Amino acid sequence: MTAQTEILDDPNYIPVLDHGFAGLVDHLGDDFAITRAARVSYGAGTKKVSEDRGLIRYLMRHQHTSPLEMCSFIFHLKMPIFVARQHIRHRMANLNEYSGRYSIMSDEFYIPDLDQIKPQSSDNKQGRAGEVDDVSKHGVQWIMQTNQELAYQAYQTLLGDRQAGEDHYDCYSESDPLLAGDFPGIARELARTVLPVSNYTEMYWKSDLNNLFKYLKLRTDAHAQYEIRVLADAIYTLIQPIVPMACEAFEDYMRQSATLSRMEVALLRKLLEGLAVDEATGSEFGLSKRELADFRQRFA
Ligand SMILES: Cc1cc2nc3c(=O)[nH]c(=O)nc-3n(C[C@H](O)[C@H](O)[C@H](O)COP(=O)(O)OP(=O)(O)OC[C@H]3O[C@@H](n4cnc5c(N)ncnc54)[C@H](O)[C@@H]3O)c2cc1C
């Protein structure tokens, strides 16, 4: 597995979390590849840089996204397995991941920084919010680290390394051994099952720009889990110099844009007419308390 220290001097890589990284190893196309493909729809004619920018913004505004697929990016990514589980839900991508059947899993595990250790959010079932006291934060890190070390010792023991886990997994007497003296170890594909999802994995991951923007919209959002958000932020930083106009349009028409429900459109019309919004007004427009709060949060 590639160590984070190996990529630190490479300008095409950005360190992510305690052992991970995002690296851009190859790409096809740039802003010009997008406009060149788009002009096949609209005929030749406009060709100045300023017109390229306008054309890309037009495409993005009207969700004419197929020209974006003329650009592709290949990334080298390293992340904890629980982040990879979220990452690979974005199916319109190609990937090849480190094999725990073929290779030994690394002894690198994610431990959150102190400022990321927070309680379960009470109003968002998929998030963290509030504060944990400082003593407990260190305790949380200790519990995580101890558990990870124990799990890795179990992994090594199952692979046949008797010394690795002798404190915990070889403690039976000679007359009643836990594992026979000549235990050969079990296959890597089985032994790995004792490792937690904080264990690191790495992959090559290829995406075209259309699907990458969908990924970035969801995973750079403030509501995305912090650990995938920092990975997505790094990926976004790496592509910006290659497709600056497309990224500018993405910011304006996708990333920082908001869609409105039918009820919100009706409410917004009333607001523009000068109506004050309270909860009664929200329910009048078919918005629940939660929906009204979301609406306020987006436009406050
Ligand atoms: C906040 C949040 C919470 C989530 N929670 C969960 C969860 O609890 N459990 C869970 O399993 N996932 C969860 N996901 C993942 C989510 O359901 C999507 O799978 C993920 O965001 C990928 O989105 P996508 O399908 O648009 O992207 P991609 O898979 O990259 O697909 C891109 C586009 O291709 C098309 N497409 C791809 N595959 C198909 C298909 N099979 N059929 C038809 N069209 C397709 C769609 O138009 C899609 O928008 C969560 C995502 C977020 C952002």
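This one's a predicted model, so the numbers in the text were calculated from it and none came from an experiment. Note that ligands are numbered from 1 as they come in the structure, with each ligand's atoms numbered from 1 the same way.
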Before giving the answer on side-chain contact (heavy atoms from CB on, under 4.5 Å), spell out for Y215 and I235 the whole-Å C-alpha distance, their side-chain angles and the decisive distance to 0.1 Å.
CA-CA 10 Å; Y215 167 88; I235 289 173; 3.9 Å; yes
Measure from atom 39 (C) of ligand 1 to the protein's non-hydrogen atoms and state whether any distance is below 4.0 Å.
yes
Can you find a non-hydrogen atom of Q126 under 4.0 Å from ligand 1?
yes
Of all the non-hydrogen atoms in the protein, which one sits nearest to atom 14 (N) of ligand 1, and at what distance?
R219 NH2, 4.3 Å
Any protein heavy atom < 4.0 Å from atom 25 (O) of ligand 1
yes
Judged by modelled atom types alone, do Y58 and H64 share a side-chain donor-acceptor pair under 3.5 Å?
no
May I have all residue pairs that pass ring-ring contact (aromatic ring centres under 6.0 Å, His included) and include part of residues 7-30, sequence neighbours excluded?
Y13-F21, Y13-H76, H19-Y200, F21-H76
Tell me which protein heavy atom sits closest to atom 34 (O) of ligand 1, plus the residue, atom name and distance to 0.1 Å.
M92 CG, 3.3 Å
Among all the protein's heavy atoms, is there at least one whose distance to atom 3 (C) of ligand 1 comes out below 4.0 Å?
yes
D233 side chain to T220 backbone, donor-acceptor under 3.5 Å
no
Can you tell me which residue and heavy atom of the protein come closest to atom 17 (O) of ligand 1, and the distance to 0.1 Å?
R89 NH2, 4.3 Å
Filtering H87, H90, Q225 for the heavy atom nearest atom 23 (O) of ligand 1 leaves H90
R91 N/O to ligand 1 N/O under 3.5 Å:
yes
Scan the protein's non-hydrogen atoms and note whether one is under 4.0 Å from atom 12 (N) of ligand 1.
yes
Might you check, step by step, whether the distance between atom 44 (N) of ligand 1 and some protein heavy atom is under 4.0 Å?
no
min-distance protein heavy atom vs atom 47 (O) of ligand 1 -> K214 NZ, 4.4 Å
Sidechain N-carboxylate O distance under 4.0 Å for R101, E189:
yes
As a quick check of understanding, evaluate salt bridge (charged side-chain N to carboxylate O under 4.0 Å, His left out) for D208 and K214, giving each step before the final call.
CA-CA 10 Å; D208 66 57; K214 289 182 184 170; over 6 Å; no
Parallel, tilted or perpendicular, judged at 30° and 60°: which one describes the rings of F82 and Y110?
tilted
Return a yes/no value for L218: is any of its N or O atoms, backbone included, closer than 3.5 angstrom to an N or O of ligand 1?
no
Does an N or O from N211, backbone or side chain, lie closer than 3.5 Å to an N or O of ligand 1?
no
Pairs involving residues 141-151, ordered by first then second residue, that meet side-chain hydrogen bond (donor to acceptor under 3.5 Å, both in side chains) (sequence neighbours left out):
Q145-E149, Q148-S198
Look at the rings of Y155 and Y152 and say which category their plane angle falls in: under 30° parallel, 30 to 60° tilted, over 60° perpendicular.
tilted
